[in-house]
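If you read the sequence from its start, that first residue is 1, and numbering goes on from there. Just so you know, these numbers use all the heavy atoms, side chains as well, and skip hydrogens, waters and symmetry mates.
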Amino acid sequence: MTKPIFVNNKNKYGQYFTPQLIVDYMISLSNINKKSSILEPSSGECVFINTLEKNGYENITAYEIDKMLYQNTDFVINKSFVTTNINKKFNLIIGNPPYIRWKNLENELKEELENHTLWHKYFNSLCDYSYIFILKSIELLEKGGELIFITPEYWLNTKHSLSLRNYMVQNCYFEQITHFNETPIFEKATVSTIIFKYIKSKNKNYSKIKLSKHYANRKLTTEVMQNIQNKRNQKNTIYLEIDQFEEDKRWLLTSDKIKEELKVFENHCLIKNQIQTSLLDLRANKFHTIGDICDIGNGLVSGLDKAFQIHNIDNLNENEKKHILRVIKAKDLKAYSYENITNYIHLYNIKDEEEFKNNFPNFYNHFIEFKEKLDKRYKYNREIPYWEWVFLRNFKLFSKDEKRIFVPCKERISNKDYFRFALIESNLYPTQDVTALFKKENVKESIYYILALLNNKRVFDWLSNNGVVKGNIVEFSEKPISSIPFELLTGIIKKKY
Ligand SMILES: C[S@@+](CC[C@H](N)C(=O)[O-])C[C@H]1O[C@@H](n2cnc3c(N)ncnc32)[C@H](O)[C@@H]1O
C-alpha cells in the first residue's frame, strides 16, 4: 500500500483514505443499476473504484491528482478534478473529497482556485477545498442523480459555507445522513464525520431526511455498520427523521422537536422592533445574547500551573501572604457552585532576582525546582522573569469587586446533560481552563437570574446544537458564550448597545 505524500509534514493533498467497511456502507446506500455512470472525483488508492468494480459496476470515471499513488488504470485519470473540463453527467458521484482549509492549501492548488469560475461565484479564501468538490459534483449529476460523500461535519454550520448550503437547498434534497460524531474513522484525523446521500432534483421533495447518529468513542466494526445499514437497534446508535434543510440557516443534526424548542427559546429572547440588516446574517431575527449582558474573559495564564500553586501558606511571611491569588480551577466547578480553592503565587513589579530572593524567600525556594521549566515557557514575545505569570489577560476585569460566573473552557457532554456555570465570590480568579462572566454595568438583571438561565436545559440544548462543538466537547470561549440567547425579564438594558 502506498503511503500518503507528506511534504514538510504536511498532507498536501488532504489524503485520508476511506476504510473498506465505510466504502461498503456508502455503496450500499446507492440505488443505481450496474450500467449507470459513476464518478469518483478524488480516488486516492481506488478503494471505492475497486469495490464498485468488484460489485459489477463498469461505467466508472475517476480523477486523482497524485500520480504517486497506486492507480486502477482502467478508470483513473491523473488530472485535477477541480480544473478538468468534464462534459459528461453521472448517475452516481461517490467518494471522500480532500478537505483542506485555504490557509493550508499548497500554492499549486490555490492557483487553480483563483481562476476558477465556480469557486469565485460561491466561495472565498475562508472556505474549504472540499466545497468545490461538493458543488462541482452536483453540477455534474444527472437529474435524479445521487451524490454520496463522506466529509467532516463542520460545513453544515459555518458561516462561510452558507453559499454552498444554499446552493444545495436550491438544487437537491437529502435522502439520508449518517453522523459519526467522535467515532474514530480515519487514522490521524480526529474530526466529526458525516456520510450524506443527496439527490439532484429541481422538484422540491418534502420527505424527511433519514438521520442515523452513531456516537461511540470506539472503532467501527462491520457488525455496527451493518446494523446501521439495516436500521437495527444497537447501543450508541439512534435513528431519526428530520425536516429537509432550509436556506440561510445552519443545518442542525437534531430532532425536529428539539429544533422547535430551540426556536421557542430564541423567540422568547427576540429584540423587539428590530430592523433586519443583512440577508447573510444567520441571526435573521436577532435576539438578545449573553454577550449583550455580560463581559466575558478567558482566565489568566501562568505558563506552568504546578510551579505557581502553593499548598501550604501557613509558613509564608506577611509580604508573601499578600501575593497569594485564590484561584478556582475548572475541575472544581459544579453547576451553581464550586468545591475547592487553589492558592497561586502571584508576583509582579519585582526589579531583579536579588529583590525576589530577599523579599520572598519561601517563594524563591519553592521556585528552585521549576526554574528551568519556567524559563522555557511560551512568553508571548516578551521578556518575563521566571516568577511572573506569562499572560495576565483580563486581570482588570477579574479584579472587579463583584460576584462573577465561572464555567470550564471546555466541557465533555458524552455522559452529561448539563453545563457547570458556577457563582463565584469577588476575590476569586480564573486560570486559563476557566472562562469568567461579569454582568455589564448597564444591566439591571440579577446575576442569580443570569446564572439560573445559563444552567437551564434550554441553554444546554441550544449550545450543544449551535455552539462550538468538536466531537462531544463543547467550547466555552468568549465567542460561543456571547452568542447564547438571553431572555430579558425586565427590559433592563439602560443604554443602547
Ligand atoms: C480524502 S482523500 C480520499 C481518497 C479516496 N477517495 C478514499 O476515499 O480513500 C482525497 C484524495 O483527493 C486527492 N486530490 C486532492 N486534490 C485533488 C484534485 N484537485 N483532483 C483530484 N484529486 C485530488 C488526494 O490526492 C487524495 O487522494
Side-chain angles (χ1 to χ4, degrees), residues 288-305 308-309 323-349 377-382 384 388-411 419-455 459 462-463 466-470 473-486 493 495 497:
H288 296 286
T289 63
I290 285 289
D292 301 331
I293 305 295
C294 291
D295 292 318
I296 302 164
N298 291 123
L300 312 166
V301 187
S302 74
L304 188 66
D305 275 13
F308 287 86
Q309 289 171 3
H323 286 267
I324 292 294
L325 202 66
R326 300 171 74 222
V327 163
I328 308 285
K329 305 285 299 164
K331 69 177 171 44
D332 294 320
L333 291 171
K334 302 197 297 185
Y336 293 98
S337 62
Y338 62 91
E339 275 177 331
N340 205 9
I341 297 174
T342 309
N343 291 316
Y344 273 64
I345 298 170
H346 178 227
L347 298 166
Y348 43 89
N349 294 342
R377 291 174 298 171
Y378 177 69
K379 294 187 187 157
Y380 299 85
N381 297 327
R382 284 181 293 128
I384 299 172
E388 280 189 18
W389 293 52
V390 288
F391 192 13
L392 288 176
R393 60 182 170 186
N394 304 309
F395 193 70
K396 203 168 147 215
L397 178 68
F398 302 153
S399 302
K400 277 182 156 185
D401 185 17
E402 60 186 63
K403 289 200 166 74
R404 65 262 342 252
I405 295 170
F406 284 3
V407 65
C409 282
K410 288 184 178 166
E411 188 73 282
F419 295 136
R420 294 179 288 150
F421 287 94
L423 188 66
I424 309 287
E425 295 97 81
S426 67
N427 54 357
L428 297 173
Y429 287 76
T431 42
Q432 73 200 90
D433 57 354
V434 168
T435 303
L437 292 82
F438 292 76
K439 199 175 79 143
K440 285 190 175 170
E441 273 170 23
N442 54 349
V443 170
K444 272 195 190 162
E445 299 286 6
S446 100
I447 189 134
Y448 303 104
Y449 169 58
I450 300 172
L451 178 73
L453 189 121
L454 288 171
N455 280 319
V459 168
W462 193 90
L463 262 187
N466 294 288
V468 179
V469 186
K470 300 204 172 120
I473 312 269
V474 181
E475 287 188 12
F476 289 95
S477 51
E478 188 183 333
K479 217 167 160 201
I481 296 183
S482 296
S483 67
I484 300 171
F486 183 83
I493 302 175
K495 282 183 241 157
Y497 49 84

query = Are Ile405 and Ile450 close enough, and set up right, to give a side chain to side chain contact (heavy atoms under 4.5 Å, CB included), and what steps lead you there?
reply = CA-CA 9 Å; Ile405 295 170; Ile450 300 172; 3.9 Å; yes
task = Check step by step if ring pair (Phe, Tyr, Trp, His ring centres under 6.0 Å) holds for His346 and Phe308.
result = CA-CA 8 Å; His346 178 227; Phe308 287 86; 9.0 Å; no
request  = Mind running side chain to side chain contact (heavy atoms under 4.5 Å, CB included) on Asp292 and Lys440 for me, showing each step along the way?
outcome  = CA-CA 8 Å; Asp292 301 331; Lys440 285 190 175 170; 5.7 Å; no
request  = Report the C-alpha separation of Leu451 and Asn455 in whole Å, then their side-chain angles, then the decisive distance to 0.1 Å, and conclude whether the side chain to side chain contact (heavy atoms under 4.5 Å, CB included) test is met.
outcome  = CA-CA 6 Å; Leu451 178 73; Asn455 280 319; 3.8 Å; yes
message = For a side chain to side chain contact (heavy atoms under 4.5 Å, CB included) check, start with the C-alpha distance between Leu454 and Ile484, then their side-chain angles and the critical distance, and finish with the verdict.
response = CA-CA 9 Å; Leu454 288 171; Ile484 300 171; 3.9 Å; yes
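Considering only heavy atoms from C-beta on, Arg393 comes within 4.5 Å of Val301 through its side chain. Looking at heavy atoms from C-beta onward, Val474 lies out of side-chain contact with Val468 at the 4.5 angstrom threshold. The closest side-chain heavy-atom distance from Ile447 to Arg404 is not below 4.5 Å.
Put simply, CG on Asp295 and CD1 on Ile290 are 12.0 Å apart, with the number rounded to the nearest 0.5 Å. Taken from NZ in Lys439 to OG in Ser446, the straight-line distance is 7.0 Å, to the nearest 0.5 Å. With rounding to the nearest 0.5 Å, the separation of CG in Asn466 from OG in Ser483 is 7.5 Å. In this structure, CD1 in Ile296 is found 10.0 Å from CG in Leu397, a value given to the nearest 0.5 Å.
Residues satisfying the side-chain contact (heavy atoms from CB on, under 4.5 Å) criterion with Lys334, sequence neighbours excluded, are Ser337, Glu339. Applying the side-chain hydrogen bond (donor to acceptor under 3.5 Å, both in side chains) test to Gln309 and every residue at least two apart in sequence or in another chain returns Tyr344. Qualifying ring pair (Phe, Tyr, Trp, His ring centres under 6.0 Å) partners for Tyr449, counting only residues two or more places apart in sequence or in other chains: Phe486. With sequence neighbours excluded, the residues satisfying side-chain contact (heavy atoms from CB on, under 4.5 Å) with Ile384 are Arg377, Lys379, Arg382, Glu388, Val390. For Tyr380, the ring pair (Phe, Tyr, Trp, His ring centres under 6.0 Å) partners are Tyr378, Phe391, not counting sequence neighbours. By the side-chain hydrogen bond (donor to acceptor under 3.5 Å, both in side chains) test, Trp389 pairs with no residue at all, sequence neighbours left out.
A salt bridge links Arg420 and Glu411; the closest N-O separation between the charged side-chain nitrogens and carboxylate oxygens is under 4.0 Å.
Heavy-atom minimum distance, Phe398 versus Gly297: CZ-O, 3.8 Å.
Under the side chain to side chain contact (heavy atoms under 4.5 Å, CB included) test applied with Leu325, the options Leu347, Asn343, Leu300, Thr342 reduce to a single match, Leu300.
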Would you list the atom pairs, donor with acceptor, under 3.5 Å between side chains in residues 421-438 and any protein atom, with sequence neighbours excluded?
from, atom 1, to, atom 2, distance (Å)
Glu425, OE1, Tyr338, OH, 2.9
Glu425, OE2, Tyr338, OH, 3.2
Ser426, OG, Asp401, OD1, 3.3
Tyr429, OH, Ser399, OG, 3.3
Thr431, OG1, Lys329, NZ, 3.4
Thr431, OG1, Asp433, OD1, 3.2
Asp433, OD2, Ala330, N, 3.3
Thr435, OG1, Asn298, ND2, 2.6
Thr435, OG1, Phe476, O, 2.6

